[in-house]
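First up is the structure itself, then whatever we jot down about it.
From a predicted model like this one, the values you see are computed outputs, not experimental measurements.
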Amino acid sequence: MTRLRGGGAGRPEDPRRRGAGLWRGVGLGRVAGVPVRLDLSWFAGLAVVVVLSRELWAPAVAGLAAVLLSATFAVAFFACVLVHELAHALVARTIGVPTTEIRLFVFGGVARIAGEPVDAGGEALVAMAGPLASVILAGLFALASWGVGGPAGDLLAWLFVGNLVVAGFNLLPGFPLDGGRVARALVWRVTGRRVLATRVTAVLGRTLAAVLVAGGAGAVIWQQTARWLPQVVLGLFLWRAAADGERAATDSERLAGRAERG
């Protein structure tokens, strides 16, 4: 869903800290040369998707069959998220910015890049790659669903919807979402100031986060259900990510200024 500036994710793990390995998640190997890891929270996300999607198949499918169909949907959906993040990573590679890892977690995924694009054009290209991949996947699932009936057709149709939701949400103009990064690229191109562009779009990101938290909390109270709590947690995550991205851009600019002064 987002791209984060890579920190120490690519460093080899200290063998003396074997207990910390589990907390770093479960490694799935490399895809197109990029390490892929499941965050421990991903398993919670998988369970949430399974629970929330069981009613999608009613009344045609129920009981254990509905659980198995939901599990298939959840795994396929996260595979689509992986394709979304891999698109970011591959385009970043073409402009000379490597990706230290792709991590799937409770809310989707992040591609941890090792640096920032050197210009606004590169930033926009990398940002748009993910939503474009999700739209292409949505189109493929839509085409496939037309020729398939029954539960399998429903599964393909919901994967079409899921990919459209991923693309649409990520195109919202709040940093560090992909749409926020496109907006940052536009402000960067107009002003010539990357840090200013980051600050402006980070404000939009925090505004979006506040709306998610307030809306989710209001729905929990109004409907007396915990169904909307994931929205609250997602809003808190976006708030922190926007703040961290703004801080990283400011620190990078400060370090660059010191290097120029010698």
> Are any of the side-chain nitrogens in Arg181 or Asp178 under 4.0 Å away from the carboxylate oxygens of its partner?
Replying inline: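 The answer is no: the pair does not qualify as a salt bridge.
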
If you round to the nearest 0.5 Å, how far is [atom2] of [Y] from [atom1] of [X]?
X: His88; Y: Thr99; atom1: NE2; atom2: OG1; answer: 10.0 Å
X: Phe43; Y: Leu104; atom1: CZ; atom2: CG; answer: 10.0 Å
X: Leu196; Y: Thr201; atom1: CG; atom2: OG1; answer: 9.0 Å
X: Asn163; Y: Leu137; atom1: CG; atom2: CG; answer: 5.0 Å
X: Leu56; Y: Asp154; atom1: CG; atom2: CG; answer: 9.0 Å
X: Arg194; Y: Arg189; atom1: CZ; atom2: CZ; answer: 14.5 Å

>> Tell me whether the rings of Phe78 and Trp42 are parallel (<30°), tilted (30 to 60°) or perpendicular (>60°).
In response: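 Answer is perpendicular, since the angle exceeds 60°.
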
> Taking the six-membered ring for Trp, are Phe73 and Phe77 parallel (under 30°), tilted (30 to 60°) or perpendicular (over 60°)?
Replying inline: parallel

> In the hydrophobic cluster built from side-chain contacts under 4.5 Å, what are the other members alongside Leu132?
Replying inline: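 Listed partners: Ile136, Leu140.
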
> Going by side-chain heavy atoms closer than 4.5 Å, which hydrophobic residues are tied to Val203, directly or by a chain of links?
Replying inline: none

Do [X] and [Y] belong to the same hydrophobic cluster, where Ile, Leu, Val, Met, Phe, Trp and Tyr are linked whenever their side-chain heavy atoms lie under 4.5 Å apart, directly or via other members?
X: Val148; Y: Val161; result: yes
X: Val83; Y: Phe160; result: yes
X: Phe237; Y: Val106; result: yes

> Within a radius of less than 6.0 Å around CH2 of Trp158, do more than 12 heavy atoms belonging to other residues, nucleotides or ligands occur?
Replying inline: no

> Taking all non-hydrogen atoms of both residues, which atom of Ala66 and which atom of Val61 are closest, and how far apart?
Replying inline: N-CG1, 3.4 Å

>> Testing the basics here: between Asp244 and Arg247, what is the closest heavy-atom pair and its distance to 0.1 Å?
In response: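 Taking Asp244 first and Arg247 second, the nearest heavy atoms are OD1-NH1, 2.8 Å.
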
>> Applying side chain to side chain donor-acceptor pair (under 3.5 Å) to Glu123 and Trp188, what does each step give before you reach the verdict?
In response: CA-CA 10 Å; Glu123 171 79 352; Trp188 183 2; over 6 Å; no

